[in-house]
Enquirer: 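Please read through the structure below; I'll follow up with questions.
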Amino acid sequence: MNPTCAEAMGNMSICYILDGILILYGIILTILYCRLRIHQTTKAPANNAEQPAEGGIYAGLSSHTTDTYETIKMDKKPIV
């Protein structure tokens, strides 16, 4: 076995430690995210009662015209 291979095998233990830290970090973030989502869903029905009947923040977003998209008028030039 040459010295380069021996050095690479010695560094593998560092990789396993870093992988373990990364997995633990991922699990902790997942648990915190799930807790946050659960707490938001229990508070959501109370916020819906406060919204006005006119549509709230979406009231001014409706289009006044029936045609939402306008057609681009391009003049075709003859190919010479």
Side-chain angles (χ1 to χ4, degrees):
M1 186 185 295
N2 59 16
T4 308
C5 290
E7 289 176 14
M9 294 302 287
N11 290 337
M12 291 302 291
S13 61
I14 294 172
C15 291
Y16 293 136
I17 293 170
L18 292 176
D19 284 343
I21 292 171
L22 185 63
I23 289 171
L24 185 64
Y25 180 73
I27 291 171
I28 291 171
L29 283 181
T30 303
I31 291 170
L32 291 175
Y33 177 75
C34 291
R35 286 183 59 200
L36 181 66
R37 296 294 291 179
I38 289 171
H39 288 295
Q40 284 183 352
T41 56
T42 57
K43 294 180 183 178
N47 293 337
N48 289 342
E50 298 173 2
Q51 190 176 28
E54 293 94 24
I57 60 172
Y58 300 110
L61 297 179
S62 62
S63 174
H64 296 296
T65 61
T66 56
D67 187 22
T68 305
Y69 300 101
E70 295 180 15
T71 306
I72 298 174
K73 296 178 182 175
M74 295 179 58
D75 296 330
K76 291 188 177 182
K77 297 179 182 178
I79 300 174
V80 179

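Just so it is clear, the values below take in all heavy atoms, side chains as well, and ignore hydrogens, waters and symmetry mates.
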Enquirer: By side chain to side chain contact (heavy atoms under 4.5 Å, CB included), which residues pair with Ile28, not counting sequence neighbours?
Expert: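 Only Leu24, Leu32 meet the side chain to side chain contact (heavy atoms under 4.5 Å, CB included) criterion with Ile28.
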
Enquirer: I need the Thr30 OG1 to Tyr25 OH distance, nearest 0.5 Å.
Expert: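 So the OG1 of Thr30 and the OH of Tyr25 are separated by 10.5 Å.
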
Enquirer: Taking the side chain as C-beta and beyond, is there a heavy-atom pair between Leu18 and Leu22 under 4.5 Å?
Expert: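 No. Closest side-chain heavy atoms not under 4.5 Å.
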
Enquirer: For the hydrophobic clusters of this structure (ILVMFWY residues joined by side-chain heavy atoms under 4.5 Å, transitively), does one cluster hold both Ile31 and Ile23?
Expert: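 Yes, one cluster joins them.
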
